[in-house]
Amino acid sequence: MPELPEVETIKLGLAPHIIGQTIQSTLIRESRLRWPVDPELNLKIAGQKINSLKRRGKYLIADLQAGHLIIHLGMSGSLRIIMIALEQPRKHDHLDIRLDNGKIIRFHDPRRFGAILYTTEPIEKHPLLVRLGIEPFDQQFNDRTLYSITKNRKAPIKQILMNSQLIAGIGNIYANEALFQAGIHPGTIASNLNMIHCKKLVASIHDILLRAINLGGSTLRDFVSSEGKQGYFQQEHEVYDQLGKPCSRCKTPIVMKRQNGRSSFFCPKCQKN
DNA sequence: ACGCCCTCCTGTTGGC
DNA sequence: TGCCAACAGGAGGGCG
């Protein structure tokens, strides 16, 4: 579920509940995530105030007084705010962070590809973050920077978009959707894109991500009580998971193709190599 | 440096 | 209805 817009939505929903609060305690029910949760996590972060909440790529970063909590939701992770003693933990509720205001941040992740890490190193030097590529909403992300990323690469453009070490935050859904909107075939070799393609693609990426964030935002009011709601952007998918359905522009049935182990969906008529 | 493939894990779905 | 394989929104790590 969580690509850039979902993580941004979670950040916005979580922030008012947790910013300025002090962590009272941490409860680990299952430490076997992508990386083991530090058994001393509670010792290390209890008593620390949460100063701010940021996003980098698909990572959430809570800045504490003396360090940073790095949270990644993997493929199936979600976070909720719940009231103390109100809800029993469900299966796959792996970790609770109890705050002084009586609220609990509860981490849920059936596939356990997610991660919760604490570091006292400068956050930008953390090995998981240091190699991340440019943020799509960075001022520097424009037609020229995308062109410089693509001009010497032989991989298909879709894989370039999904490579978080080149561009951070775009996953399978938004790569598919942005390429459809830009009229570019997902299998196009990156180095074959010209500046015009790159300009269109940057505009599409911006537009798709912004629209998704805005729609995700409409579920914010449910954030406290609901289990990682899907958000409304899924109703806006033009190609992702739309195999066989008519293209919204030309009515040609949407096609699916495996690319590097992932499903690519596209309109064979509107999207050119 | 680059691109491809494998891996971690559980839950859901579709074909027979 | 049940069984089983395929697949799912990520991404680090290892290899050629």
Side-chain angles (χ1 to χ4, degrees), chain A residues 1-10 29-37 55-60 70-79 89-95 107-117 119 126-133 136 148-180 186-192 205 208-209 211-213 215-216 219 227-244 256-265:
Chain A
M1 168 170 74
E3 298 183 35
L4 186 152
E6 288 76 27
V7 178
E8 184 69 19
T9 298
I10 290 166
R29 295 189 195 80
E30 174 58 80
S31 62
R32 294 173 300 167
L33 305 184
R34 173 73 195 261
W35 294 282
V37 180
R55 181 193 56 74
R56 177 76 173 96
K58 297 169 191 166
Y59 290 90
L60 264 183
I70 301 171
I71 301 172
H72 196 284
L73 299 174
M75 291 243 246
S76 59
S78 61
L79 291 167
R90 303 180 215 176
K91 198 175 179 185
H92 308 304
D93 282 347
H94 303 313
L95 190 138
F107 176 78
H108 176 91
D109 186 10
R111 289 177 74 181
R112 292 197 269 120
F113 287 175
I116 297 191
L117 301 165
T119 179
H126 193 279
L128 287 181
L129 304 180
V130 73
R131 287 153 73 194
L132 282 182
S148 72
I149 288 170
T150 56
K151 66 178 179 191
N152 290 321
R153 293 187 181 262
K154 301 296 170 218
I157 181 61
K158 172 152 176 284
Q159 284 159 235
I160 301 300
L161 294 184
M162 289 179 65
N163 183 337
S164 62
Q165 298 187 5
L166 301 175
I167 305 165
I170 301 176
N172 202 22
I173 294 178
Y174 297 103
N176 277 304
E177 295 296 324
L179 287 166
F180 172 76
T188 307
I189 299 305
S191 59
N192 289 346
I205 290 168
I208 290 286
L209 295 178
R211 280 168 48 217
I213 291 168
L215 288 169
T219 61
E227 172 71 26
K229 286 235 169 174
Q230 284 284 337
Y232 294 131
F233 189 75
Q234 52 179 337
Q235 297 160 18
E236 306 275 312
H237 292 169
E238 301 269 22
V239 286
Y240 181 79
D241 211 17
Q242 306 297 311
L243 177 63
M256 180 180 76
K257 214 178 136 189
R258 300 288 295 174
Q259 261 185 301
N260 218 26
R262 310 299 290 269
S263 296
S264 290
F265 299 86

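All chains are named by letter (A, B, ...) in the order of the sequence lines, taking the proteins before the strands, and each is independently numbered beginning at 1.
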Nearest whole Å is fine: how far is [N] [atom2] from [X] [atom1]?
X	N	atom1	atom2	value
A:Q259	C:dG9	CD	C1'	16 Å
A:L132	C:dG12	CG	C1'	12 Å
A:M75	C:dC7	CE	P	13 Å
A:N172	C:dA8	CG	P	8 Å
A:M256	C:dC7	CE	C1'	9 Å
A:N176	C:dG9	CG	C1'	11 Å
A:I149	B:dA1	CD1	P	16 Å
A:D241	C:dC7	CG	C1'	11 Å

Practice problem: Taking atom P in both C:dG9 and B:dG14, compute the distance separating them and give it to the nearest angstrom. | Solution: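 Pairwise P distance, C:dG9 against B:dG14, rounds to 15 Å.
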Quiz prompt | Among A:R153, A:K151, A:K154, side chain to side chain donor-acceptor pair (under 3.5 Å) partner for A:S191 | solution =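 Among A:R153, A:K151, A:K154, the one meeting side chain to side chain donor-acceptor pair (under 3.5 Å) with A:S191 is A:K154.
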Quiz item: Roughly how far, to the nearest 0.5 Å, is OH of A:Y174 from OH of A:Y240?
Solution: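 Taking OH in A:Y240 and OH in A:Y174, the distance rounds to 10.5 Å.
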Whether [X] contacts [N] is assessed here as follows: a side-chain N or O lying under 4.0 Å from the phosphate OP1 or OP2. Is that the case?
X	N	result
A:R262	C:dG10	yes
A:Q165	B:dC2	no
A:Y174	C:dG9	no
A:H72	C:dG10	no

Quiz item: Relative to the ring of A:H108, is the ring of A:H92 parallel (under 30°), tilted (30 to 60°) or perpendicular (over 60°)?
Solution: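 A:H92 and A:H108: perpendicular rings.
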Quiz item: Shortest non-hydrogen contact from A:L179 to A:L161?
Solution: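 For A:L179 and A:L161, the tightest heavy-atom pair comes out as CG-CD1, 3.8 Å.
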Self-check item: Contact summary for A:L4 and A:A168, nearest pair of heavy atoms
Solution: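 Heavy atoms of A:L4 and A:A168 come nearest at CD1-O, 3.9 Å.
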Quiz prompt | Reading 5' to 3' through nucleotides 3-16 of chain B, protein heavy-atom contacts under 4.0 Å coded B for base, S for sugar-phosphate only, - for none | solution = SSS--BBBS-----
Practice problem: Determine, step by step, whether A:L128 and A:L117 satisfy the side-chain contact (heavy atoms from CB on, under 4.5 Å) criterion, reporting the C-alpha distance in whole Å, the side-chain angles of both residues, the deciding distance to 0.1 Å, and the verdict. | Solution: CA-CA 10 Å; A:L128 287 181; A:L117 301 165; 3.4 Å; yes
Quiz prompt | Counterpart residues, side chain to side chain contact (heavy atoms under 4.5 Å, CB included), relative to A:K58 (two or more places apart) | solution =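 In terms of side chain to side chain contact (heavy atoms under 4.5 Å, CB included), with neighbours along the sequence ignored, A:K58 is linked to A:E3, A:V7, A:H72.
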Quiz item: Are A:F113 and A:S76 close enough that some pair of their side-chain heavy atoms sits under 4.5 Å apart?
Solution: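 Contact flag for A:F113/A:S76 side chains = no.
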Exercise. Taking the side chain as every heavy atom from C-beta outward, state whether A:R34 and A:R112 have any pair of such atoms under 4.5 Å apart.
Key: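 They are not in contact (no side-chain heavy atoms under 4.5 Å apart), so the answer is no.
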Self-check item: Shortest side-chain distance from A:R131, nucleotide among C:dC7, C:dG13, C:dG10
Solution: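 Per side-chain heavy atoms of A:R131, the pick is C:dG13.
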Quiz item: Could you spell out the base pairing of DNA chain C in dot-bracket, with Watson-Crick or G-U pairs whose two distances are under 3.5 Å, [ ] crossing and | to another strand?
Solution: .|||||||.|||||||
Quiz item: 5'-most contact on DNA chain C: A:W35 or A:R258, nearest heavy atom basis?
Solution: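 So the residue in question is A:R258.
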Quiz item: Do the side-chain N and O atoms of A:S264 and A:K158 include a donor-acceptor pair separated by under 3.5 angstrom?
Solution: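 The answer is yes; a qualifying pair exists.
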